A.B. asks: 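Structure provided below as C-alpha cells; questions to follow.
On a predicted model such as this, the values are computed, not experimentally measured, just so you know. A note on names: the letters A, B, ... follow the listed sequences, proteins ahead of strands, and every chain is numbered from 1.
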4 protein chains.
Amino acid sequence: MPTQKIGKEDIVRNALLVFKEQGYHHTTMSDIGKACGLLKGSLYHHFSGKEQLMEAVLENLNQYYEKKIFQIADNPDLAPADKLRYLIEKSVEIFFTQRVGCLMASIGLETTPIRPSFSAEIQRFFTSWAQCMECILTELGHPHAQVATMAWQSVAEVEGGLLLAQVFQDDTYLHNAHKNIYNRFLNNSL
Amino acid sequence: MPTQKIGKEDIVRNALLVFKEQGYHHTTMSDIGKACGLLKGSLYHHFSGKEQLMEAVLENLNQYYEKKIFQIADNPDLAPADKLRYLIEKSVEIFFTQRVGCLMASIGLETTPIRPSFSAEIQRFFTSWAQCMECILTELGHPHAQVATMAWQSVAEVEGGLLLAQVFQDDTYLHNAHKNIYNRFLNNSL
Amino acid sequence: MPTQKIGKEDIVRNALLVFKEQGYHHTTMSDIGKACGLLKGSLYHHFSGKEQLMEAVLENLNQYYEKKIFQIADNPDLAPADKLRYLIEKSVEIFFTQRVGCLMASIGLETTPIRPSFSAEIQRFFTSWAQCMECILTELGHPHAQVATMAWQSVAEVEGGLLLAQVFQDDTYLHNAHKNIYNRFLNNSL
Amino acid sequence: MPTQKIGKEDIVRNALLVFKEQGYHHTTMSDIGKACGLLKGSLYHHFSGKEQLMEAVLENLNQYYEKKIFQIADNPDLAPADKLRYLIEKSVEIFFTQRVGCLMASIGLETTPIRPSFSAEIQRFFTSWAQCMECILTELGHPHAQVATMAWQSVAEVEGGLLLAQVFQDDTYLHNAHKNIYNRFLNNSL
DNA sequence: AATGAATGAGAATTCATTCAT
DNA sequence: AATGAATGAATTCTCATTCAT
C-alpha cells in the first residue's frame, strides 16, 4: 500500500502520546509504528532514528506551546488575570486530555544527562513557560525583582503537582498546584 | 569460589546510585554488577530479577527516609522550626551528596503506570514525606484544615525544584524551593 | 512526470562505478539511484532487481572490452608488439581513470560461488582477455604449445598486481605487472 | 547449556571458513553462530561485533602464516630450493584443504577502502609473504637489486592464479602459477 | 517514467535470565 | 556464592522490492 498513509506531523503527534505513556526507553519503534498504522521500518522514511524522532516530538511540542499557549502573554487585548486563567485552563486541558503528565518532565528526568540532544528542547520549554509567567506577573504589578523567582516557583509547583498526579494517578495534586497559584496571584479560588 | 563478596544491602546501595543516574530501563544488570564488583549473573543469587532489585532499592530508600529523616517529626526534644530546618538540611545533604535528583521522582515518572509494582513504594515515600510535613506544620500552629494542602504543596514544590535542577543541571532551582518553604513557614531566609 | 531522465545505458555506467567502489553487497539500490540522480524505486523501471542490474553491468563491461579492447588482436594493420602495447596502455587507462581496480575481479571474489548468475560473464571476461593475449603471443612467434599458458599467466599477473594495488592503495604493483609483461614479451621496458 | 561450548580460537577458525565462502558482507552473525553451534547472540560474549570478529580472523590467519609458513625462510637446516618447495606445497595444501581461495584477497578486494580496520592485517599478510620470498630468492643467489620485484611478482602471480581458480572453480590456474614459479626459480617442473 | 511511501524480511546488537562448574 | 558462557527474545535499523499516483 504505497502513497502517503500518514504525514510526518501525524507520526510526531502519535509518537508523543506513546512516549508519554511509556517513557523513552520503554517505547519501541514498533510501538510507535503501531500507533501510526505503520510498520516500524516505515518510520525510518521520515526520521533517521528513534532519537531524531523524539527530538522532533520535543520540538513540535515546544512550537505548539509557544504558538498556542505561551504567546498569550503578548496578547494586548487580555487582562493579566485572564491571561493567567487562560494559561492554567489550557494546561489543565492539555494534561487532562492527553493524560499521563508532562512529556518534558518525564523525558527530562529519564534522559538527562544521558541524552544531551534532548536537553536543549526541554530546557527551552521550561524557560518559555517561566518567561510567560514572568510577563503576566509583571503585568499584575508584582515588583520586577521578585517576578523571576515567583515564575519559576510556579513552574516548579505545577511540575511537582504533575509528578504527584502521575504517581498517585490522581489529578487532585495538579488541581491543587493550580489553586495555589490562583490564590497567590489572583486572590480567588479556582 | 563460594566466598561472599558482597551483601544484599551493598548491592541495593550501589544499585540505587546506578538507577538514579541512568534511570530504570537504561540501566542494565551488567551496569549494576559492575558497580558492585560482580558479574551480572551473580546478582541473581540475591535478587530474582531486575524488577525485584528495583523494588528492594525503593523499599530500602523508604526505610532510610522513614528511620533517619521523617521520624524527626516525632522527636519531642526539638522545636518545630528546628524540625523543618533539619528536614530541609537533610534533603539538601542527600540530594547534593548523591547528585542526580530524587530516585522516587524519576522512577515514578519513568515507570508509572508501566510498572505498577513500583508504585506502592513510591507513593509511600511521598505520603510519608507529606505526613512528616503535616506534623511539623501542625506543631507550628497552622490550622488543621490547611495543613495537608500546605504539606503537599511543599512536597510538590521541592520535587518540581529537583526536576528543574536536574534538567538545567543547576542546583539553584532546588535551593529556591527550600527558600520558599523557609519563608513561608519560618519567616526567615535560609 | 513521465519524462525520461536517464537511459538504461547510463544507469549501467553509473552502477559500474558504484559497484566497483563499494562491492556488490555493500552497494545499495539507493546508492546507485543517487549516482544516477534517481530514487531507488525508479531503477526498477529499467531492471527487475539488483542482481539483474549487476548482470547488465557485467555484460556491458564485457561488450566494452570486447569491442574496444580485445578486438585489437584482430586488427590486421597493427604489428603484434603494438597490439600488446595498446592492450596494456588501455588497461592502464581504464584502471587509472576509473580507479578502484577490476570490477570482474572484485565481484568474482566477492560473489563466487554465492551468486552463480554472475559467473558466466566474469569467466567470459577473463577468457576473452586470455584469448586476446594468445593471439598476440602467437603473432609474436611464440610456440603454439606454450601460448595459452603464457596468456593466462599474464592475466593472472595483472590481476594479482591490481589486487595488491588496491590493497596497498599503490599503483606501483600494477605498473610492475605490466613492466614484467613488456620485458617478457617485448624485451624492452615500459 | 552453560559452561564453555567453544573457545575463542574455535570461533575464529569457524568464522574464517564462513567468511571465505560467503564474503564479509554476505556472512551474517547467525551464519557464524551456526557454524560454531552457537546462537548469534552468544558470539558477542567473545567479540564485540562483526568487525572485531573479522579482525580477529585476519590476525589469527596472519599469525598462523607467520609462525607455520613464512618462518620457513629463517630455517637454517633447509636448502633454499626446499624452502621454496615447502612454501608452495604448504600454500597448495592450505588452499586446497580449505577451498575457496585466499581470504586476504577476497576480503581485501571486498572491503578496501570501505573497512580500513582490515587493511593493516591484509597488508601485513602480503608483506610477510613477499619478505619470505625475498629471503629465499636471496639465498638462491639472485641479485639483491631484483629480489624485491621478483618476490612481489610471485605473490601477484599466485594471487592472480587464486582469483582465476575461484572464478572458474578450477584449481589448474593456481597450479600453473606455482609451476611458473618453480620454473623461474628452480628450473624444474612441479 | 519517475516518485516516494510503505512493506517485510532480515541484519547487527542488546540484555535479562539461566545454569553447570 | 560467584562465575561466565549460553540463551532467546526483543530492539534498532537496513534494504530490496512494490505500487498508487
A.B. asks: Just how far, in rounded Å, is C1' of E:dT13 from NZ of D:K50?
C.D. replies: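 These atoms are roughly 12 Å apart.
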A.B. asks: Go ahead and name the base partner of F:dT7; Watson-Crick or wobble counts if both distances stay under 3.5 Å, otherwise write none.
C.D. replies: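 The base-pairing partner of F:dT7, which may sit in any strand shown, is E:dA16.
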A.B. asks: Separation of A:K8 atom NZ from E:dA6 atom C1', in whole Å?
C.D. replies: 16 Å
A.B. asks: Between C:E51 and B:I6, who's closer to the 5' end of DNA chain F by nearest nucleotide?
C.D. replies: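 First, find each residue's nearest nucleotide; the 5'-ward one identifies B:I6.
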A.B. asks: So, OP1 or OP2 of E:dG4: does either fall under 4.0 Å of a side-chain N or O from A:H46?
C.D. replies: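 So the side chain of A:H46 is outside the cut-off, no N or O lying under 4.0 Å from OP1 or OP2 of E:dG4.
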A.B. asks: Could you check C:H25 against A:H25 and say which one's nearest nucleotide on DNA chain F is further toward the 5' end?
C.D. replies: A:H25
A.B. asks: Rounded to the nearest Å, what distance is computed from the CE atom of residue B:M29 to the C1' atom of nucleotide F:dG8?
C.D. replies: 17 Å
A.B. asks: OP1 or OP2 of F:dA5 sitting under 4.0 Å from any side-chain N/O of D:H45?
C.D. replies: yes
A.B. asks: Return the minimal non-hydrogen interatomic distance between C:A35 and C:V18, and the atom names on each side.
C.D. replies: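 That would be CB-CG2, 3.6 Å.
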A.B. asks: Any base atoms under 4.0 Å from D:S42, or only sugar-phosphate, or nothing? Heavy atoms, all strands.
C.D. replies: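 If one applies the 4.0 Å heavy-atom cut-off, D:S42 turns out to touch a base.
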A.B. asks: To the nearest Å, give me how far apart OH (A:Y24) and C1' (F:dT11) are.
C.D. replies: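 Nearest whole value for this atom pair: 12 Å.
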A.B. asks: I need the CG-P distance between B:L39 and F:dA1, as an integer number of Å.
C.D. replies: 16 Å
A.B. asks: Nearest-nucleotide wise, let me know which of C:G37 and B:T28 is further upstream toward the 5' end of DNA chain E.
C.D. replies: C:G37
A.B. asks: For C:D10 and E:dA2, give me the distance from atom CG to atom C1', rounded to whole Å.
C.D. replies: 15 Å
A.B. asks: Between B:G41 and D:K40, which residue's closest nucleotide on DNA chain E lies nearer the 5′ terminus?
C.D. replies: D:K40
A.B. asks: Shortest non-hydrogen contact from D:S117 to D:E55?
C.D. replies: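 What the structure gives for the nearest pair is OG-OE2, 2.8 Å.
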A.B. asks: Rounded to the Å, how far apart are B:H26 NE2 and F:dA10 P?
C.D. replies: 20 Å
A.B. asks: D:D31 side chain to D:T28 main-chain N or O, any donor-acceptor pair under 3.5 Å?
C.D. replies: yes
A.B. asks: Name the one of C:Y64, C:F118, C:Y65 that satisfies ring-ring contact (aromatic ring centres under 6.0 Å, His included) with C:F125?
C.D. replies: C:Y65
A.B. asks: To the nearest Å, how far apart are A:Y44 OH and F:dT11 P?
C.D. replies: 12 Å
A.B. asks: For E:dA1, what is the paired nucleotide under Watson-Crick or G-U wobble rules, both distances under 3.5 Å?
C.D. replies: none
A.B. asks: Would you indicate what A:T27 reaches in the nucleic acid, counting non-hydrogen atoms under 4.0 angstrom: base, sugar-phosphate, or nothing?
C.D. replies: sugar-phosphate
A.B. asks: What's the separation between atom NZ in D:K8 and atom CG in D:L53, rounded to the nearest 0.5 Å?
C.D. replies: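 One finds 10.0 Å between NZ of D:K8 and CG of D:L53.
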